[in-house]
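Numbering of ligands and ligand atoms starts at 1, following listing order.
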Amino acid sequence: MTKTVRISDVTKDYGSVKAVRGASFELSQGELVALIGHNGAGKTTLMKLMLGLIRPTSGSIEVLGDNPAAGQFAGRRQLGYLPENVSFDAALTARETQAFYARLKREPVARALDLLDTVGLGAASRRRVGTYSKGMRQRLGLAQALIGRPRVLLLDEPTTGLDPELRQTFYDVIQRLAADGATVLLSSHALTELEECAGRVIIMNRGIKVADGSIAELRRLAQLPTRIRLKVSGLAPSELPRWAPQDVTCRRLNGHIVEIDAAPERKIELLHRATASGNSVEDVDVVPPSLDELYAHFLRQSEQAS
Ligand SMILES: Nc1ncnc2c1ncn2[C@@H]1O[C@H](COP(=O)(O)OP(=O)(O)OP(=O)(O)O)[C@@H](O)[C@H]1O
């Protein structure tokens with residue numbers, strides 16, 4: 001797959017603050033990657049480096065085959081960026097704002113205006129931005145970032161302030177862009193929603209990349225227990241099933257459910273034991289570790305190592 005971004009052993013210091021430390025990763029065409037980490041983990045700094053707004057202290061960065069901090073960076077027009085805090089001229093309408101940015105990027109104005117429909121602002125496009133809600137401004141920010149069909153789209157906490165329905169629309173739009181071949185990198189704190197949409201997750205802690213992979217890969221690496229929840233009959237409300245092996249953690253939830261923490265590779269064995277027992281199993285849920293739990297795990301691991 002074509003690589004669009006290469007970050008090689010990049011460090012960025014702001015005086016004594018080490019914002020990014022020895023980070024390396026590559027992004028490919030068509031990938032939707034979530035960049036997660038606590039406040040100050042280095043996410044925005046990485047995006048600014050990819051945009052060429054700042055230079056690395058050491059290491060190298062290549063975006064669309066070029067150094068983004070070089071004066072004549074040809075890929076700049078193919079880069080879209082939605083900053084964490086979008087700010088527009090309150091006196092302009094969304095159409096005027098969008099036309100302004102299209103001219104700035106030397107892109108056709110008509111196509112830029114169509115993007116207002118893509119982000120669901122078509123009906124409000126003739127209203128002044130000053131009357132917009134935060135969610136509407138955020139969507140205008142996305143429309144602006146999409147001008148010129150960017151091949152690499154960098155979105156810094158794009159869903160902050162959006163209600164659940166708008167978030168879904170937002171994810172639908174970016175998933176379509178990635179399916180059309182764009183590289184989408186988005187930083188976020190909303191881990192639950194990322195679980196469904198991100199093909200890959202990069203976890204940063206204090207400027208260091210501490211994990212990188214698909215959620216399935218991160219689950220394999222973390223080896224956190226999978227939760228098996230069984231609805232069984234024939235047990236007293238606090239009774240633990242006799243078929244549960246001694247070496248697994250087993251508990252009762254609300255008098256009906258038996259919950260077991262199992263190593264992922266023991267799932268099937270435990271289900272066999274449960275169904276072969278005298279208690280009848282009425283329902284079963286297998287709950288793998290969530291992105292929240294994986295995130296906490298990798299952070300803990302990196303803190304222990306440092
Ligand atoms: N221009 C700057 N001058 C000095 N320090 C800076 C500058 N920009 C960022 N930093 C510091 O670098 C570190 C990383 O900041 P960065 O903005 O990249 O984090 P982040 O992961 O994007 O955080 P957030 O989730 O809060 O946006 C922080 O300690 C921050 O205070």
Side-chain angles (χ1 to χ4, degrees), residues 5-27 31-63 67-69 79-88 134-135 137-139 141-142 144-145 150 152-162 167 170-171 174 183-195 197-198 200-213 218 290-303 305-306:
V5 175
R6 290 179 207 271
I7 305 280
S8 314
D9 201 14
V10 165
T11 289
K12 174 67 189 173
D13 299 339
Y14 292 109
S16 62
V17 178
K18 297 199 173 304
V20 175
R21 296 191 266 173
S24 297
F25 58 85
E26 294 183 339
L27 305 179
E31 262 195 314
L32 203 169
V33 182
L35 185 60
I36 63 177
H38 280 357
N39 294 123
K43 306 179 297 292
T44 304
T45 302
L46 277 171
M47 289 196 180
K48 285 185 180 169
L49 287 162
M50 289 179 219
L51 288 161
L53 298 176
I54 52 175
R55 289 168 190 271
T57 307
S58 63
S60 70
I61 301 171
E62 202 182 287
V63 177
N67 172 6
L79 262 176
Y81 176 48
L82 175 60
E84 191 174 345
N85 296 303
V86 282
S87 140
F88 296 110
K134 173 148 182 16
R137 285 200 300 276
Q138 200 74 2
R139 279 187 284 163
L142 179 63
Q144 176 271 117
V152 174
L153 196 54
L154 305 175
L155 310 171
D156 202 351
E157 298 185 29
T159 58
T160 314
L162 298 190
R167 283 172 183 234
F170 187 89
Y171 285 120
I174 58 169
T183 299
V184 183
L185 180 71
L186 88 157
S187 77
S188 180
H189 293 281
L191 303 191
T192 314
E193 19 182 280
L194 291 174
E195 200 158 333
C197 87
R200 177 176 158 199
V201 179
I202 296 176
I203 304 179
M204 299 290 298
N205 184 35
R206 300 174 197 256
I208 297 174
K209 186 184 89 168
V210 297
D212 181 355
L218 298 187
S290 65
L291 183 52
D292 267 311
E293 290 165 322
L294 292 167
Y295 176 61
H297 165 83
F298 285 108
L299 245 46
R300 221 171 21 242
Q301 198 180 57
S302 96
E303 289 294 320
S306 66

Q: With sequence neighbours left out, write down each residue that passes ring pair (Phe, Tyr, Trp, His ring centres under 6.0 Å) with Phe170, or none if nothing qualifies.
A: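 By the ring pair (Phe, Tyr, Trp, His ring centres under 6.0 Å) rule, Phe170 matches no residue at all.
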Q | Amino acids in close contact with ligand 1, where any non-hydrogen atom sits under 4.0 angstrom away | A |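 Within 4.0 Å of ligand 1, protein side: Tyr14, Val17, Ala19, His38, Asn39, Gly40, Ala41, Gly42, Lys43, Thr44, Thr45, Glu84, Glu157, His189.
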Q: I would like to know whether Ser24 and Asp9 meet side chain to side chain donor-acceptor pair (under 3.5 Å); could you show each step before the answer?
A: CA-CA 5 Å; Ser24 297; Asp9 201 14; 4.8 Å; no
Q. Should the heavy atoms of other residues, nucleotides or ligands under 6.0 Å from CZ of Arg167 be counted, would the total exceed 12?
A.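 Buried by this count: over 12 neighbours within 6.0 Å.
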Q. Any sub-3.5 Å donor-acceptor pair from Ser187's side-chain atoms to Glu157's backbone N or O?
A.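 Side chain of Ser187 to backbone of Glu157, a donor-acceptor pair under 3.5 Å: yes, one is there.
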**Q.** Leu155 and its side chain to side chain contact (heavy atoms under 4.5 Å, CB included) partner, picked from Leu35, Leu142, Leu185
**A.**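 Going through Leu35, Leu142, Leu185 one by one, the side chain to side chain contact (heavy atoms under 4.5 Å, CB included) with Leu155 is satisfied by Leu142 alone.
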Q. Looking at Arg200 and Asp212, does any basic side-chain N land under 4.0 Å from a carboxylate oxygen?
A.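 Salt bridge flag = yes for Asp212 with Arg200.
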